[in-house]
Amino acid sequence: MSKYWKPGSERPTPVLVDDEEGGVLFVSTSSSSSSSQLERLRQRLPVYKYRDAILYLVENHATTIIVGETGSGKTTQIPQYLKEAGWAEGGRVIACTQPRRLAVQSVASRVAEEMGVTLGEEVGYAIRFEDQTKPGLTMVKFLTDGVLIREMMDDPLLTKYSVIMVDEAHERSLSTDILLGLLKKIQRRRPDLRLIISSATIEAKSMASFFHTRKKNIRNDTIDPVPNQEPGILSVEGKGYTVEIHYVEEPVSDYLQATVETVLSIHDNEGPGDVLVFLTGQDDIEAAVKMLTDEYNHPRGRSSDLLVLPLYSGLPRSDQDLIFAPTPRGKRKVVISTNIAETSLTLEGVVYVVDSGFSKQKFYNPISDIESLVTAPISKASARQRAGRAGRLRPGKCFRLYTEEYYLKDMPSEGIPEMQRSNLVSCIIQMKALGIDNILGFDWLSSPSAEAMVRALEVLYSLGILDGDAKLTSPLGFQVAELPLEPMVSKMLLSSCEMGCSEEVVTIAAVLSVQSIWVSMRGVQKEFDEAKLRFAVAEGDHVTYLNVYKGFLKSGKSSQWCYRNFINYQAMKKVIDIREQLVRFLKRLGLTLKSCEGDLKMLRKAIISGFFAHACQLEEYSPNGMYKMLRSSQEVYIHPSSVLFRVNPKCVVYHSLVLTDKQYMRNVIAVDPAWLIEAAPHFYQIRKPNPALF
DNA sequence: GAGCACTGC
């Protein structure tokens with residue numbers, strides 16, 4: 001029989017908890033407990049309710065780690081328990097982070113509803129462009145991890161929060177990793193602060209050992225009792241329906257063909273239920289959709305009652321919404337998706353999952369300073385997450401297009417954290433702004449390579465954002481840290497304020513912050529190119545964007561106008577939002593907006609002040625438009641999407657590189673080499689390595 | 001004449 005903890009009485013430790021839905025929750029105060037130890041405890045100890053276990057752990061442990069396979073939905077109740085138990089009294093706030101904006105909004109509104117309060121009052125949320133909180137009134141606040149990091153710049157110890165819960169920590173996003181490192185640091189100065197980390201079982205051990213500090217040097221004169229420094233672990237397993245896993249017997253040579261065959265076989269042999277297929281990208285997805293649709297048109301018409309839909313982030317919003325429409329009677333929905341359906345979008349009616357075993361992943365080479373996107377095998381954690389998508393409605397099946405032997409022996413158990421696959425300039429500048437001087441010695445959850453850190457420090461030094469002691473320069477370094485942009489874009493924007501063209505450059509900065517303002521349309525390439533020519537100018541893409549922006553404003557921000565001109569309306573709305581936010585930032589920094597009134601030379605000089613390191617020169621007599629980077633002599637080409645494609649000016653500066661079969665420069669402007677030396681003499685003439693950076 | 005996994009400030 002379940003026992004309930006009564007306030008005021010002492011709770012035993014360790015505790016074992018019964019899930020009201022019939023599953024069993026284990027609580028262990030030791031990260032090393034094995035499941036057999038837990039099983040023995042379970043027989044000996046009283047059983048407690050979930051709520052009591054949470055409160056027990058939060059009261060007694062500095063850090064609580066909640067593990068379980070993801071999507072248990074168990075974490076949304078926690079802020080309510082904490083609030084009822086008095087953790088939000090006296091102006092204190094309970095914070096809960098999520099890695100995605102949409103998740104913040106949906107969890108916040110669900111919790112507000114469950115608590116019977118108006119969203120934006122006792123329960124609120126904060127994401128970029130949207131602050132739905134009332135200071136003094138909001139007791140439970142949901143926010144993205146990135147917003148919480150920004151808040152630390154004004155309040156490094158996050159003093160207004162009593163408890164900080166970090167959800168989906170197993171995803172190991174860049175911001176989550178930075179946040180966890182910073183929170184561990186804050187804990188030493190704030191014994192009253194409680195952390196709750198929610199993670200998938202597979203990451204439990206690394207999370208627990210990261211937060212396990214044996215440090216006894218917390219001052220004894222603190223008034224607050226010092227909580228147990230060993231993390232308490234609560235395991236919440238057993239939610240969701242079982243998913244039967246099927247493997248192929250032999251490795252498949254063509255996973256597109258195998259995908260199509262598997263979908264058709266499911267359709268022929270399995271009961272009703274939608275199918276979700278995981279492929280790597282737009283190309284594969286469109287090919288698979290076509291193959292299944294051709295099958296549909298085939299005289300034998302095996303798939304005539306299949307509704308095949310593609311899903312990827314670049315798809316226009318209206319097409320994305322199709323996947324949520326109810327499946328017509330007698331039809332079976334087949335959604336062919338990228339990783340977007342692994343975490344960001346949830347399809348409720350899915351009973352069958354087909355997992356190709358691959359996804360596109362970002363990698364970073366600190367030597368060449370280039371990020372690339374490559375198709376690579378997924379991890380076991382990812383494979384489990386994909387399979388789990390089949391068990392939300394009722395028991396489901398997952399068909400893996402790889403062998404069981406491969407899964408067991410060769411598939412890596414966890415993916416490489418984003419921190420170790422990224423360019424670190426933004427990360428480093430945020431840490432510097434928070435006063436963390438020793439970046440190389442920082443206590444990271446997973447340390448990035450020394451090469452990557454040194455490379456980031458070098459880039460920031462060359463931009464004048466860090467000085468010779470690797471400290472933020474004033475005012476430039478501090479201003480760059482304030483701006484929510486890539487540091488090179490920030491530098492460009494701040495320089496433009498001095499050069500009298502900030503009105504234009506703030507628009508360019510906003511456009512460079514969104515994926516692409518063009519609509520990708522295959523099959524209507526000619527019309528698309530013609531539309532683009534209406535805006536194109538010889539100076540390059542950045543100046544072309546100014547024309548698009550002007551046209552969009554002149555049309556009254558019309559979606560019809562965008563449609564006619566092959567421009568992505570959603571992206572343009574985002575450009576407007578970002579531009580407004582940047583203007584507010586600039587005003588707060590005391591900088592003025594000024595137009596250069598068509599002085600495109602000045603405009604390009606401002607761009608160079610941020611991007612001088614991305615300068616390339618056309619190889620003489622090169623028949624195919626080959627460029628070489630001035631600094632590293634790497635071979636690069638102008639991307640066919642650029643307005644300067646085939647124009648091939650002698651000297652160009654690019655915004656970013658995309659690596660496919662060639663290295664392509666995206667967003668390119670033509671420049672005069674003399675401007676480069678003028679803007680960055682330290683970079684192109686005197687090349688002296690700075691010993692303080694090493 | 002080729003291509004853009006996914007987030008976030």
Side-chain angles (χ1 to χ4, degrees), chain A residues 97-104 126-131 143-153 168 171-179 278-286 311-315 337-345 356 358-363 371-376 378 382 415 418 421-422 426-427 429-430 433 480-487 489-490 509-510 513-522 525-526 528-529 568 571 574 577-578 581-582 585 624-625 637-642 645-648 656-667:
Chain A
T97 75
Q98 289 281 345
R100 283 173 289 276
R101 296 160 51 87
L102 217 85
V104 168
I127 54 181
R128 188 179 186 181
F129 309 129
E130 214 181 329
D131 187 350
L143 67 177
T144 46
D145 37 22
V147 169
L148 190 61
I149 293 172
R150 291 264 156 200
E151 287 189 4
M152 290 173 89
M153 295 195 182
E168 312 280 8
E171 286 184 21
R172 305 296 306 276
S173 73
L174 207 52
S175 304
T176 300
D177 270 22
I178 296 171
L179 183 62
F278 285 102
L279 291 180
T280 58
Q282 189 176 345
D283 274 351
D284 280 359
I285 288 168
E286 282 174 1
L311 176 64
Y312 46 87
S313 131
L315 206 62
S337 171
T338 60
N339 256 7
I340 193 171
E342 196 175 303
T343 50
S344 303
L345 288 176
S356 65
F358 290 96
S359 70
K360 286 200 182 174
Q361 291 160 42
K362 185 177 66 181
F363 288 93
E371 281 183 338
S372 53
L373 202 58
V374 293
T375 299
I378 60 168
S382 237
E418 195 183 3
R421 300 184 281 116
S422 303
S426 295
C427 168
I429 203 160
Q430 283 187 333
V480 168
E482 285 274 306
L483 290 165
L485 296 167
E486 301 162 31
V489 179
S490 296
S513 298
V514 302
Q515 291 276 22
S516 170
I517 59 166
W518 309 109
V519 177
S520 81
M521 289 258 197
R522 283 172 219 204
Q525 206 53 51
K526 201 162 155 265
F528 177 51
D529 285 347
N568 183 332
K574 215 168 147 192
D577 279 346
I578 294 173
Q581 191 193 28
L582 294 178
F585 268 101
N624 56 350
Y637 297 83
I638 294 180
H639 195 281
S641 68
S642 168
F645 180 69
R646 283 200 300 202
V647 177
N648 293 340
S656 60
L657 281 182
V658 51
L659 174 67
T660 51
D661 43 327
K662 284 179 186 169
Q663 312 245 36
Y664 285 105
M665 303 181 263
R666 293 177 64 202
N667 300 324

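- Looking at A/E168 and A/T176, their side chains never bring a donor and an acceptor atom within 3.5 Å of each other.
- Atom CD1 in A/I149 sits roughly 18 Å away from atom P in B/dT7 (whole-Å rounding).
- Here the side chain of A/Q282 is nearest to one of B/dC9, B/dT7, B/dA5, namely B/dA5.
- A/Y312 places its OH atom 10 Å from the P atom of B/dC6, with the value rounded to the nearest Å.
- Of the candidates B/dG1, B/dG3, B/dC6, the closest approach to any side-chain atom of A/T338 belongs to B/dC6.
- A/L373 comes within contact range of at least one nucleobase, with a heavy-atom separation under 4.0 Å.
- Within 4.0 Å (heavy atoms only), A/K662 reaches no atom of the nucleic acid at all.
- Within the nucleic acid shown, A/S173 has no heavy atom closer than 4.0 Å to any nucleic acid atom.
- Atom CE of A/M665 sits about 11.5 Å away from atom CG of A/N667, to the nearest 0.5 Å.
- Using a 4.0 Å heavy-atom cutoff across all strands shown, A/S175 reaches no nucleic acid atom at all.
- Atom C1' of nucleotide B/dC4 and atom CD of A/E286 are separated by 12 Å, given to the nearest angstrom.
- Distances shown here put a side-chain N or O of A/S313 below 4.0 Å from the OP1 or OP2 atom of B/dC6.
- Under a cut-off of 6.0 angstrom, the local environment of NZ in A/K362 is crowded, with over 12 non-hydrogen atoms contributed by other residues, nucleotides or ligands.
- A sub-4.0 Å separation between OP1 or OP2 of B/dG8 and a side-chain N or O of A/R150 is absent.
- Counting only heavy atoms from C-beta on, A/Y664 has its side chain closest to B/dA2 among B/dC4, B/dA2, B/dC9.
- If you measure from atom CD of A/E371 to atom C1' of B/dA5, you get 13 Å, rounded to the nearest angstrom.
- Among the protein residues, A/R100 comes within range of the sugar-phosphate backbone only, with heavy atoms under 4.0 Å from sugar or phosphate atoms but none that close to a base.
- As judged by a 4.0 angstrom heavy-atom cut-off over every strand, A/S359 is placed among residues making no nucleic acid contact.
- One atom, CG of A/L148, and another, P of B/dC9, lie 12 Å apart when rounded to the nearest Å.
- Under the 3.5 Å distance criterion, the side-chain polar atoms of A/S356 are matched with a main-chain donor or acceptor of A/F278.
- When heavy atoms are screened at a 4.0 angstrom cut-off, A/Q515 is found touching base atoms of the nucleic acid.
- Contact annotation: side chain of A/N624 to base of B/dG1, donor-acceptor pair absent below 3.5 Å.
- Map A/K360 and A/K574 each onto its nearest nucleotide of DNA chain B; the residue landing nearer the 5' end is A/K360.
- A/D284 comes within contact range of no nucleotide atom at all, as no heavy-atom separation falls under 4.0 Å.
- Protein atom CZ of A/R666 is 20 Å distant from nucleotide atom P of B/dG1, rounded to whole Å.
- Partner A/T97 forms a side chain to side chain contact (heavy atoms under 4.5 Å, CB included) with one of A/L179, A/I149, A/V104 and no other, that one being A/L179.
- The distance from the OG1 atom of A/T144 to the CD atom of A/Q98 is 10.0 Å, given to the nearest 0.5 Å.
- With B/dA2, B/dC4, B/dG1 as the candidates, the nucleotide lying closest to the side chain of A/P640 is B/dA2.
- Atom CG of A/L143 and atom C1' of B/dC9 are 12 Å apart (whole Å).
- Projected onto DNA chain B by closest heavy-atom contact, A/G281 and A/P99 fall at different nucleotides, the more 5' of which corresponds to A/G281.
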